[in-house]
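Here the structure is laid out as structure tokens; the discussion comes afterwards.
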Amino acid sequence: MGKGKNEVFGKKIYWHSTAHIMAQAVKELFPDVKLGIGPAIESGFYYDFDCQEVTPDSTTAYTFTPEDLEKIEKRMREIIKKDYKFVRKEIKKSEAISLFKKLKEDYKLELLNELNKGITIYSCDNFIDLCEGPHIPSTGRIKAFKLLKVAGAYWRGNEKNPMLQRIYGVSYPSQRELDEHLKKLEEAKERDHRKIGKELDLFNIFEEAGPGLVCWTPKGTIIKEIIEAFWKEEHLKRGYQLISSPHIAKTDLWKTSGHYEYHYEGMAELKFGNENYVLKPMNCLFHILTYKTRIRSYKELPIRYAELGTVYRYERSGVLHGLMRVRGFTQDDAHIFCREDQMVDELTGVLELAQYMIKTFKFTGYQVDLSVREPGARGGYAGSDEDWEKAEETLVQVLEAKKLDYKRVEGEAVFYGPKIDIKLFDAIGRAWQGPTIQLDFNLPQRFNITYIGKDNKPHQVFLIHRTVLGAMERFIGCLIEHYKGAFPIWLSPVQVAVATISQDLEDYANEVTEKLKSHDIRVQLLSGAEKIGFKIREASLMKIPYILIIGKREKIAKNVSIRERGKGDIGSFKLDTFINLLTKRIRNKD
RNA sequence: GCCGGCAUAGCUCAGUGGUAGAGCAGCUGUUUUGUAAACAGCAGGUCAUUGGUUCGAAUCCGAUUGCCGGCUCCA
């Protein structure tokens, strides 16, 4: 299947039909399961099953074993071989209700309750399912499939509902395409930042220290520091002022902001002397206090405070994931205090900076979401309807001016305002929120953040919270997967390995190493008794961009022999020539 | 937090009720080397923790912790 729009559509039909075949097989093998839903997803399909009745005496629901999956696959093959037709039928709601009542499909009945017209069912041999369709004509069209994993999933995604068993799978019109898909999944594992992080010795998360708390190694810290230095430089260029704030603040401050009630689960409170303090889950309050240290004139605005601020949030144990979701992380935070007439320029500036970051780090795939309110939802949101409408209008204006493809997502906004979220993808296609630009109608009110206007009267400021990377941990996690550990030279913890062929060449190798160091190049000398092949292998596995081979010939000619990552031996050069080439590449973030 | 799986040496992994294993890494020695792994020896483990079953547990059962895949959550 290609990438054309029709074919993508076809893929969904193909996968959805395979989900039906799977449901049929499961129902035949486990007649007491109740069906949930079985849609096609980004890459494949799933179907949810309630297994409570499979073992009616047990207090816990039956769960599918790997052996069950094999049995289900076997049964699916038989159904496919029979080449049953998928038959579509439109029926009345009342008929549908009595049909699914008879079948004891409680979940289908629940879905039916919310449907009014155009109710269709699909049958295939003796299997009937409530389904909008469309489907492929017959089961025989499925040529290759595999069931991949089984997982728990709440009915309708609500944790108050029963947990169903979800089986994931994928199918293709040929074995070759299926094999390619499976191979891609295998290859994606090689990009996993947790694996690469260990191999390249970039970071650790110690059980002894606590889950979700990252300890950067010397190599990881180099990467982090370089990114942070770059970040600071770019912010100063753009009129931001750097500030820095402590890790804790009095609980009362978080009560004033409203965070205390709302964010309680994720916030850690501690006794500090005789008073209660909160371990900061965000940096904004310190920025606001700094703003409020004096009366501000309209002439001073916009004020842009930026900080690489480390925050702590209690994330539930099941959601932690390497560097991508942690409990302590450094936000590349900034707060912009501005007037309404400055909003468009400020938002545009932030969006441009975020795009510049993405471009500099050479991210190709990302997604832009415009997160707005739940339609019709009234309570629980700060700000007036008018505020929200105007804010959305402004955000749209900015996005369209930048000609960005974006998706409007209702209900994704936070309670205090709408936002633009930029999502980065990991190796297996999971989206992680990186940069975010959020408008805040809440804090300016609660803290009475104002400026004195031309009219000599106080006006409420417009507050923008924003990150252009997201958080250092997550951003570097995405970077590792994006580069597969082969960082561009400006970010590489070790930029050059100097490898001697025999130990009597150490003098010249030292001379080369010192010269590189004097040009601020990060260099590692491999001067041990090992053979050159061993040293090359070591340096290659560490993904060092350049390896300089030092042998007798090089020493006599005062040359270095160069191996470039991904290219191999590129020949002998004068050291100065190499340094020029290298410093240019570093400068250009090539 | 929920569902399922997993946890053996620094790393990658073997070991299904009867004395804890390999490769790599480490240390010591030999080798002095020309573009992705030289050779030998040595050392290294309360089998995550904990309770139970058993004459006997890495192995079977329970609890806890952590990790993995989902779900939910995520200012």
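Reminder, nothing fancy here: chain letters follow the sequence lines and each chain counts from 1. Atom set for the values below is all heavy atoms of this structure, side chains included, hydrogens, waters and symmetry mates excluded.
A straight line from CE of A:Met324 to C1' of B:rC68 spans 15 Å, rounded to a whole angstrom. Between the P atom of B:rG69 and the CE atom of A:Met163 lies a distance of 16 Å, rounded to the nearest Å. If you measure from atom CD1 of A:Ile205 to atom P of B:rC68, you get 8 Å, rounded to the nearest angstrom. Distance A:Lys195 NZ to B:rC67 C1': 16 Å, rounded to the nearest Å. Here B:rU12 presents its P atom at 12 Å from CG of A:Asp192, a figure rounded to the nearest Å. Distance, A:Asp48 CG to B:rC3 P: 16 Å, rounded to whole Å. A straight line from CD of A:Glu199 to P of B:rC24 spans 18 Å, rounded to a whole angstrom.
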Taking only N/O atoms, report every protein-nucleotides 4-11 of chain B pair under 3.5 Å with atom names and distance.
none

Check: protein-nucleotides 72-74 of chain B nitrogen or oxygen pairs below 3.5 Å:
| unit_1 | atom_1 | unit_2 | atom_2 | d |
| --- | --- | --- | --- | --- |
| B:rU72 | O3' | A:Gly157 | O | 3.4 |
| B:rU72 | O2' | A:Glu159 | OE2 | 3.2 |
| B:rU72 | O2 | A:Arg316 | NH2 | 3.2 |
| B:rC74 | O2 | A:Arg325 | NH1 | 2.6 |
| B:rC74 | O2 | A:Arg325 | NH2 | 2.2 |
| B:rC74 | N3 | A:Arg325 | NH2 | 3.3 |

I'd like a list of close polar pairs between nucleotides 48-51 of chain B and the protein, N/O only, cut-off under 3.5 Å.
none

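Formation of a donor-acceptor pair under 3.5 Å by the A:Arg446 side chain with backbone atoms of A:Thr256 is found in this model. Of the possible polar contacts, none joining the A:Lys189 side chain to the A:Lys195 backbone as a donor-acceptor pair under 3.5 Å is found. Checking side-chain atoms of A:Glu473 against main-chain N and O of A:Thr330 turns up a donor-acceptor pair under 3.5 Å.
Relative ring orientation between A:His247 and A:Tyr312 is described as tilted, the plane-to-plane angle lying within the 30° to 60° band. Ring planes of A:His335 and A:Phe337: tilted class, angle from 30 to 60°.
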### Summary
Reading nucleotides 30-36 of chain B from 5' to 3' and marking B where a protein heavy atom lies under 4.0 Å of the base, S where only the sugar-phosphate is that close, and - otherwise, the string is -BBBBBB

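Counting heavy atoms from C-beta on, the side chains of A:Leu439 and A:Leu463 never come closer than 4.5 Å. Between A:Leu148 and A:Ile167 the shortest side-chain heavy-atom distance does not fall below 4.5 Å. Side-chain contact between A:Pro435 and A:Arg466 is absent, with no heavy-atom pair separated by less than 4.5 Å. The shortest side-chain heavy-atom distance between A:Leu443 and A:Ser257 falls under the 4.5 Å cut-off.
Side-chain atoms of A:Thr500 and A:Glu506 include no donor-acceptor pair closer than 3.5 Å. Side-chain contact annotation: A:Thr436 with A:Asp421, donor-acceptor N/O pair under 3.5 Å present. Side chains of A:Ser371 and A:Asp369: a donor-acceptor N/O pair is absent below 3.5 angstrom, by distance only. Residues A:Tyr62 and A:Asp68 bring a donor and an acceptor atom of their side chains to less than 3.5 Å of each other. Side-chain N/O atoms of A:Trp155 and A:Glu110 include a donor and acceptor closer than 3.5 Å.
Nucleotide B:rG4 forms a pair with B:rC68, judged by Watson-Crick or G-U wobble geometry with both contacts under 3.5 Å. When Watson-Crick and G-U wobble pairs are counted only if both distances are under 3.5 Å, B:rU46 pairs with no nucleotide at all. The partner of B:rG34 cannot be assigned: no Watson-Crick or G-U wobble pair with both contacts below 3.5 Å exists in any strand. Within the shown strands, nothing qualifies as a pairing partner of B:rU19 under the Watson-Crick or G-U definition with both distances less than 3.5 Å. Judged by Watson-Crick or G-U wobble contacts below 3.5 Å, the nucleotide B:rG41 has B:rC27 as its partner.
Using a 4.0 Å heavy-atom criterion, one finds that A:Tyr168 contacts the sugar-phosphate atoms exclusively. No contact: A:Gln433 has no heavy atom under 4.0 Å from any strand. Among the protein residues, A:Arg327 comes within range of no part of the nucleic acid, since none of its heavy atoms lies under 4.0 Å from any strand. Nucleic acid contact for A:His465: none, since no nucleic acid atom lies under 4.0 Å from a heavy atom of the residue.
Nucleotides B:rU8 and B:rC27 have their C1' atoms positioned 23 Å apart, rounded to a whole Å. Comparing the C1' positions of B:rA48 and B:rC67 gives a spacing of 11 Å, expressed to the nearest Å. The separation of B:rA20 from B:rU59, taken at their C1' atoms, amounts to 12 Å, rounded to a whole angstrom. Look at the P atom in both B:rU28 and B:rA43: the space between them is 15 Å, to the nearest Å. Taking the C1' atoms as reference points, B:rU53 lies 7 Å from B:rC61, given to the whole Å. B:rU35 and B:rC42 have their P atoms separated by 33 Å, given to the nearest Å. Spacing of P atoms, B:rG56 relative to B:rG44, comes out at 29 Å, to the nearest Å. The C1' atoms of B:rA58 and B:rU19 are separated by 13 Å, rounded to the nearest whole Å.
Applying the ring pair (Phe, Tyr, Trp, His ring centres under 6.0 Å) rule to A:Trp388 yields the partners A:Tyr381, A:Phe441; only residues at least two apart in sequence or on another chain are considered. Taking the ring pair (Phe, Tyr, Trp, His ring centres under 6.0 Å) definition, one finds that A:Tyr406 meets it with nothing, sequence neighbours left out.
If A:Phe415 and A:Gly212 are placed on RNA chain B by their nearest nucleotide, the residue sitting closer to the 5' end is A:Gly212.
Close to B:rG70, at under 4.0 Å from its OP1 or OP2, lies no side-chain N or O of A:His321.
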